Amino acid sequence: KKKASSGKTFDEAAILQELTPNLREEITLYNQRHLIELVPLLKRAPPVFSSRCALALSTRVNLEGEFVFEEDSHGDDLYFISSGVCEVVSQHLPPNEQ
């Protein structure tokens, strides 16, 4: 759920499900346009590739102290940090390189 500037909470996924597939796709691409501009791989890629990636994205919010993933775990996801700060901690890196 997201909060609008008016302070009301809305469920973006539920709203998008009510739309036609084409309109849902256009709105999703519009909402993800800032990320495509920020990620060089997506910005330089052919539009079809960037669009498919944008449609596959989902938003995830992590609070301070939460793990995005843990070292040596099996990775199935790719993360883009669109705002905030992320700390990378590894037992394989010296403390001054973390």
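None of the values given here were measured: they were computed from a predicted structure.
With hydrogens and angles disregarded, no donor-acceptor distance shorter than 3.5 Å links the side chain of Ser51 to the backbone of Val48.
Considering OG of Ser50 and CG of Leu41, their distance stands at 7.5 Å, rounded to 0.5 Å. One distance of note links OG1 of Thr28 with CG of Leu16; it measures 5.0 Å at 0.5 Å rounding. With values rounded to the nearest 0.5 angstrom, Cys86 atom SG is found 8.5 Å from Asn62 atom CG. Separating the CD atom in Glu26 from the CG atom in Leu55 is a distance of 9.0 Å, to the nearest 0.5 Å.
With sequence neighbours excluded, the residues satisfying side-chain hydrogen bond (donor to acceptor under 3.5 Å, both in side chains) with Glu71 are Ser90, His92. A search for side chain to side chain contact (heavy atoms under 4.5 Å, CB included) contacts involving Leu35 returns Gln32, Val39, Leu57, Phe80, not counting sequence neighbours. With sequence neighbours left out, the side-chain hydrogen bond (donor to acceptor under 3.5 Å, both in side chains) criterion links Arg44 to no other residue. Every side-chain hydrogen bond (donor to acceptor under 3.5 Å, both in side chains) that His74 has, sequence neighbours left out, goes to Asp76.
Screening residues 14-25 for side-chain hydrogen bond (donor to acceptor under 3.5 Å, both in side chains), with sequence neighbours left out, gives no hits. Every pair passing salt bridge (charged side-chain N to carboxylate O under 4.0 Å, His left out) that includes a residue from residues 29-42 is listed here, sequence neighbours excluded: Glu37-Lys43.
A 4.5 Å side-chain heavy-atom check between Tyr79 and Ile81 finds every atom pair outside the cut-off. When side chains are defined from C-beta on, Arg60 does not count as touching Asp77, because their heavy atoms never get closer than 4.5 Å.
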Hey, mind stepping through Asp72 and Gln91 against side chain to side chain contact (heavy atoms under 4.5 Å, CB included) and telling me if it holds?
CA-CA 10 Å; Asp72 296 325; Gln91 64 183 351; 3.5 Å; yes

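Checking each of Leu42, Leu78, Ile36 against Cys53 for a side chain to side chain contact (heavy atoms under 4.5 Å, CB included) leaves exactly one that passes, namely Leu42.
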